[in-house]
S.K.: 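Just passing along the structure, written as structure tokens.
Bear in mind that the values here come from a model prediction, so they are computed numbers and not experimental data. Every chain is numbered from 1, with letters handed out A, B, ... down the list of sequences. The basis for the numbers below is simple: all heavy atoms, side chains too, and nothing from hydrogens, waters or symmetry mates.
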Protein chains: 2
Amino acid sequence: MGRKLGLTLEHVVEAATEIADRDGLSAISLASVASKLGVRSPSLYNHVDGLAGLRRQLAFRAGGLLAAEMADSVDGLTGTAALRALAAQYRSFAHRHPGLYATFLPAPTPDDDPELTAALLEPVGVVGSVLTEMDIDPLTVVPLIRALRAAVHGFVDLELGRSFGLPDDIDESFTTTIDLVIDAIASKSNA
Amino acid sequence: MGRKLGLTLEHVVEAATEIADRDGLSAISLASVASKLGVRSPSLYNHVDGLAGLRRQLAFRAGGLLAAEMADSVDGLTGTAALRALAAQYRSFAHRHPGLYATFLPAPTPDDDPELTAALLEPVGVVGSVLTEMDIDPLTVVPLIRALRAAVHGFVDLELGRSFGLPDDIDESFTTTIDLVIDAIASKSNA
DNA sequence: AGGTGATGACTAACCATGTTAGTTGACCGG
DNA sequence: CCGGTCAACTAACATGGTTAGTCATCACCT
């Protein structure tokens with residue numbers, strides 16, 4: 001049998017994305033992706049460098065998609081309103097794409113894979129540009145951006161991991177959490 | 001060959017802990033654990049219910065250890081000092097036991113495994129008792145404890161995942177992050 | 001039109017891992 | 001001393017990743 005289907009890298013990554021978002025990142029295997037595409041596992045090597053390569057492609061897609069969504073969400077906004085929009089969009093992305101979201105951690109080291117490292121830090125850059133517009137003391141901007149990132153990521157990660165035991169409203173808790181951090185950031189702004 | 005070594009559940013879980021803390025949670029396999037113990041993989045079934053059972057035992061150990069350390073760390077302290085001690089101990093645990101720490105997520109659903117769910121929520125209980133002593137409005141205590149948990153977990157998770165790109169001092173960023181949340185909590189305390 | 005080469009799928013084979021079944025030798029209580 | 005239990009074992013099988021080698025199809029070039 002020769003060339004039967006018009007399989008492309010896009011198709012492979014798309015299929016893997018669907019599996020990851022539906023059944024979790026660990027459900028991705030060459031076997032499951034190949035099966036979804038109606039193809040045998042070795043055929044995937046024509047498009048992707050093994051399982052590791054597939055995961056890498058998935059991470060690229062995740063970084064690019066999230067960065068694009070965040071850039072869109074902040075359009076026309078500045079200051080705390082922009083930060084709130086970014087946090088909400090970030091959380092929404094994680095809800096809609098839990099599998100892609102999981103590819104962010106652990107991050108590759110800059111030595112191992114500088115290209116992928118840069119792609120995964122793209123979303124952070126969007127937040128950074130909003131913060132510099134707010135005229136924060138340069139000495140404290142890095143800890144503050146880390147605090148915001150930690151709070152948002154931590155909340156989403158716990159939420160996705162079903163780690164909040166109590167039935168109390170989770171949306172409200174998210175608002176409380178990010179407002180707490182954003183207010184603290186605003187109090188150090190000179191804009 | 002019959003009964004040769006005095007292998008116990010403790011030995012198995014201990015070996016798995018060492019592997020997980022050194023090489024990551026995903027490095028745990030029955031093969032790697034058995035090899036470390038000088039035993040064949042099927043022998044482990046005499047002590048543990050397969051790989052899933054081993055991971056479950058590891059999660060129990062993680063929950064118990066962290067809860068004990070946190071209870072110790074808060075001894076004699078109250079209020080914001082207690083919260084700061086808890087956060088520091090939590091982070092220290094994650095640094096010393098990254099493999100055990102990773103077992104906390106994703107959490108099992110209460111329906112699937114109520115026993116393990118309870119064990120993993122034990123550390124949260126320690127924080128809860130400190131907060132109730134601080135006399136916080138019961139309506140806002142749940143969002144606040146979630147904010148604190150999200151910030152601390154998020155920070156540690158990003159840190160362990162090498163996701164902080166910049167070389168800026170990480171200890172200082174941690175202090176900034178948790179002080180930010182703890183100060184907000186303190187401002188709502190009536191104690 | 002027909003030959004040629006690249007493409008992209010395939011089968012076969014190998015290795016590692018998890019798991020089950022059945023076996024065997026050592027210890028322990030009667 | 002004898003019999004049962006326990007805890008290790010070997011054998012066998014399934015699944016998944018990977019490599020090597022095969023072969024049909026398509027595009028292009030003469």
S.K.: Rounded off to whole Å, could you give me the OH-to-P distance for the B/Tyr45 and C/dG22 pair?
M.R.: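 Interatomic distance, OH of B/Tyr45 to P of C/dG22: 16 Å.
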
S.K.: Just the rounded figure in Å: distance from C1' of C/dT20 to CG of B/Leu44.
M.R.: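 Atom-to-atom, B/Leu44 to C/dT20, this comes out as 14 Å.
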
S.K.: Answer yes if the ring centres of B/Phe93 and B/His97 are under 6.0 angstrom apart, and no otherwise.
M.R.: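 B/Phe93 vs B/His97: aromatic centres under 6.0 Å.
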
S.K.: I'd like to check the side chain to side chain contact (heavy atoms under 4.5 Å, CB included) partners of A/Ser32; sequence neighbours left out, ordered by chain and number.
M.R.: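 Applying side chain to side chain contact (heavy atoms under 4.5 Å, CB included) to A/Ser32 gives A/Ile19, A/Ser29.
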
S.K.: Grab the CG-P distance between B/Asn46 and D/dA8 for me, whole Å please.
M.R.: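 Taking atom P of D/dA8 as the reference, CG of B/Asn46 is at 6 Å.
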
S.K.: In whole Å, what is the span from the CG atom of A/Asp49 to the P atom of D/dT18?
M.R.: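 Result: 8 Å.
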
S.K.: Measure from NZ or CZ of A/Arg146 to the centre of the six-membered ring of B/Phe155 and say whether it is under 6.0 Å with the direction within 45° of the ring axis.
M.R.: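 No; the conditions do not both hold, so A/Arg146 does not lie above the ring face of B/Phe155.
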
S.K.: Whole-Å distance between D/dG21 C1' and A/Arg40 CZ?
M.R.: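 Checked: the CZ to C1' distance equals 17 Å.
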
S.K.: Please give, in whole Å, the distance from D/dG17 P to A/Arg56 CZ?
M.R.: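 Result: 19 Å.
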
S.K.: Polar atom pairs between nucleotides 12-14 of chain C and protein, under 3.5 Å, N or O only, would you list them?
M.R.:
none

S.K.: Measure the distance from CG on B/Leu51 to P on D/dT15 and round it to the nearest whole Å.
M.R.: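 So the CG-P distance, B/Leu51 to D/dT15, works out to 17 Å.
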
S.K.: Taking CG from A/Leu54 and C1' from D/dG17, how many angstroms apart are they, rounded to a whole number?
M.R.: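 The distance from CG of A/Leu54 to C1' of D/dG17 comes to 12 Å, rounded to the nearest Å.
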
S.K.: Which residues satisfy the salt bridge (charged side-chain N to carboxylate O under 4.0 Å, His left out) test with B/Arg84, sequence neighbours excluded?
M.R.: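 With sequence neighbours excluded, B/Arg84 shows a salt bridge (charged side-chain N to carboxylate O under 4.0 Å, His left out) to B/Asp179, given in chain and number order.
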
